[in-house]
Structure formats: structure tokens, C-alpha cells
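As the structure lists them, so they are numbered: ligands from 1, and atoms in each ligand from 1.
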Amino acid sequence: MKAAGEKIVMVTAYDFAMARLMDAAGADMVLVGDSLGMVVQGQPDTLRVTLDEMAYHGRCVARGLTRAHLTIDMPFMSYQVSPAQALENAGRLVQEGMAQAVKLEGGARSAAAIRACVEAGIPVVGHVGLTPQSVHALGGFKVQGRGDAAAERVVADALAVQEAGAFCIVLEMVPAELAARLQTLLSIPTVGIGAGVDCDGQVLVCNDLLGFDAAFKPRFVKRYAELAPTIDAAARAYVADVKAGSFPAAEHSVDPGGRLYSSGK
Ligand code: KIV
């Protein structure tokens, strides 16, 4: 797709229903991101997400996919200790989470872990720029690669990821000019989030593009729906109907023939 100039669409999903919708909509790659720690579990960062949780959500998502490619994030401390640890845990995400690829954060420092997975036949997506698992080292969720020295560090990291065998790389929160340079420099596709228009593909968190949180509207997100007020209105209407006794109505009740569904089942 990079060679053909066809943009790659990646989106996160954390459960069966969302995976099925994103797959049907034509997403090329579905990512079970460890962002689930924040948008599903309500935590302030991604640091407490476990490998078991990633595998569980991976299985749920896999059941909803018919054609999209499934990547699962390796959570914090599941690959940093050693390449052997990375390989063992990547293998678990393939076997228990149905992953077709795993994603690891970090450039040069993660190269040995990436290489171990790739050499064992597990495809790897790299992730450089803002790497949320390093939020404390980075001093917050901040743009990376600003200024010459910082930009060179991101370039060196991206090259290290490619050299280690990753087939694709996520560029998160880096200046658009730096992402454009990397798109040309790297032979593997770049998938951006907050990284400008020149990446080979784009990724967004499904909750963000669908507007699940009315208060979270960073510049790099485009809202394709505003579901928070829609869901709020629907939930309030349901509460009001049950309180008023107007739901269920006769048509929502089991009929004398014992049918539960209008389809006749
Ligand atoms: O965890 C995640 O959802 C991610 C994407 C934002 C790239 O890593």
C-alpha cells in the first residue's frame, strides 16, 4: 500500500461490537491499543494494563474481524526486561489474543526485543515519538522531536525499529515536517497520530473519533460523530420510560406463542 500510495487506515477497537463495525467500514488494521487502560478502564495512563487484559480484549476483537489485520499492543513491562521476555509475551498475544502482529513502543532501546519477535515469525509494529508508556520519563503527554537534536533522536529510533525488522511504524505526536521526512526515509509504512498529513496511514482511538468523551477534544482528533450526547439522550429516555411505566409496551412482551423476537424466534 505504501508503494501504491494507498493510505492505510488503522483504528483501535477493544470489543467485538466495535471491531465488527470498524471491519465492515473498511479499516485496514485494527489495533487493540493499551489506550484501553484510559478509555475502557478509566485510568490516567496506560501503565497498569496487563498482558492478560490485552489478550482478553484481543480475543473479543478478533471475533469481530472478517478482513482487517489485527495488531495487539504489548503492555508496559511485558517486553522491557529482555528479548526473551518480549518473545514469550508476544507469543502469548498471538496464541491467547489472536494477534496477527504485536506493537512495541520505543526505538533503539526496543530493537533487540523487536528483533527477537520478528526472528520467531511474529510481525511487529514499532511506535516512536510520544510513547505513552514512558509518560513519566517524558514529563507528560507531550509532542516529541521538536528541535534539531530531538528530531534526530526520533529519526535514529525509527531507523532502529526498521532495522530490527518491524513491518510498520506508528509515529505519535511529532511535528508534521519530521513525519514527512520519515515517510520518505523509511521503506516501511508510517502510520501517524498527531503527525501531520504525509504519513502512509493514520490511526485514531475509536472512542475519540466517535466522540465518546465530550470533554476530550485534542487538536489531532477529528470527530466523525458526537456519540456522548446521543447516548446520554437515549439513556435518559430509557430511564424516563421505565420510571413512567411506558416501557415495556405490549409489543415488547413475550406473546402467547412464546416468541421473544419479532423475527419469530
Ligand atoms: O494504545 C493505542 O491506542 C495506541 C495508538 C494511539 C497508536 O498506541
Side-chain angles (χ1 to χ4, degrees), residues 7-15 18-19 22 27-51 53-58 60-61 68-80 89-90 93 97 99-107 110 114 123-135 138 140-145 154 157-158 161 166-174 179 182 188-196 199-210 212-213 216-224:
K7 293 282 188 184
I8 300 164
V9 181
M10 184 191 283
V11 65
T12 70
Y14 313 103
D15 62 26
M18 189 65 74
M22 294 301 175
D28 300 302
M29 299 178 76
V30 169
L31 170 69
V32 180
D34 62 353
S35 50
L36 72 84
M38 298 170 81
V39 300
V40 175
Q41 299 175 339
Q43 305 201 54
D45 52 46
T46 60
L47 300 178
R48 274 156 291 272
V49 177
T50 67
L51 194 78
E53 289 166 347
M54 295 307 298
Y56 167 77
H57 286 278
C60 297
V61 166
H69 181 275
L70 174 59
T71 299
I72 303 182
D73 265 350
M74 297 197 65
F76 182 55
M77 291 317 294
S78 69
Y79 58 94
Q80 286 89 346
N89 287 329
L93 290 182
Q100 292 170 312
V102 296
K103 178 162 78 60
L104 276 69
E105 293 185 6
S110 298
I114 294 171
V124 174
V125 177
H127 184 157
V128 301
L130 171 59
T131 46
Q133 291 173 14
S134 316
V135 59
L138 299 175
F141 296 104
K142 295 177 178 168
V143 176
Q144 301 297 307
V154 175
D157 275 338
V161 165
F167 76 93
C168 175
I169 188 166
V170 168
L171 307 178
E172 180 163 355
M173 298 285 276
V174 298
L182 287 168
I188 59 174
T190 57
V191 175
I193 175 163
C199 295
D200 297 301
Q202 294 293 323
V203 56
L204 280 179
V205 168
C206 58
N207 296 48
D208 296 345
L209 79 92
L210 295 173
F212 272 34
D213 181 352
F216 184 68
K217 215 168 181 178
R219 186 182 158 93
F220 62 86
V221 171
K222 179 172 175 183
R223 285 280 181 75
Y224 288 87

Would you sort out whether V191 and V125 count as a side-chain contact (heavy atoms from CB on, under 4.5 Å), showing the intermediate values? CA-CA 10 Å; V191 175; V125 177; over 6 Å; no
Test side-chain contact (heavy atoms from CB on, under 4.5 Å) on E105 and F76; report intermediate values, then the result. CA-CA 9 Å; E105 293 185 6; F76 182 55; over 6 Å; no
Excluding sequence neighbours, so at least two apart, what forms salt bridge (Lys or Arg N to Asp or Glu O under 4.0 Å) with K222? none
Any residue meeting salt bridge (Lys or Arg N to Asp or Glu O under 4.0 Å) with D45, in chain and number order, not counting sequence neighbours: R48
Report the C-alpha separation of I193 and V170 in whole Å, then their side-chain angles, then the decisive distance to 0.1 Å, and conclude whether the side-chain contact (heavy atoms from CB on, under 4.5 Å) test is met. CA-CA 7 Å; I193 175 163; V170 168; 4.2 Å; yes
Counting only pairs under 3.5 Å, give me each side-chain donor-acceptor contact of residues 29-37, with atom names and distances, residues two or more places apart or in other chains.
unit_1	atom_1	unit_2	atom_2	d
D34	OD2	Q133	NE2	2.7
S35	OG	Y14	OH	2.7

Enumerate the pairs of nitrogen or oxygen atoms, one from ligand 1 and one from the protein, separated by less than 3.5 angstrom; state names and distance to 0.1 Å.
unit_1	atom_1	unit_2	atom_2	d
ligand 1	1 (O)	D34	N	3.2
ligand 1	1 (O)	D34	OD1	3.1
ligand 1	1 (O)	S35	N	3.0
ligand 1	1 (O)	S35	OG	3.3
ligand 1	1 (O)	D73	OD2	3.1
ligand 1	3 (O)	S35	OG	2.5
ligand 1	8 (O)	K103	NZ	2.8

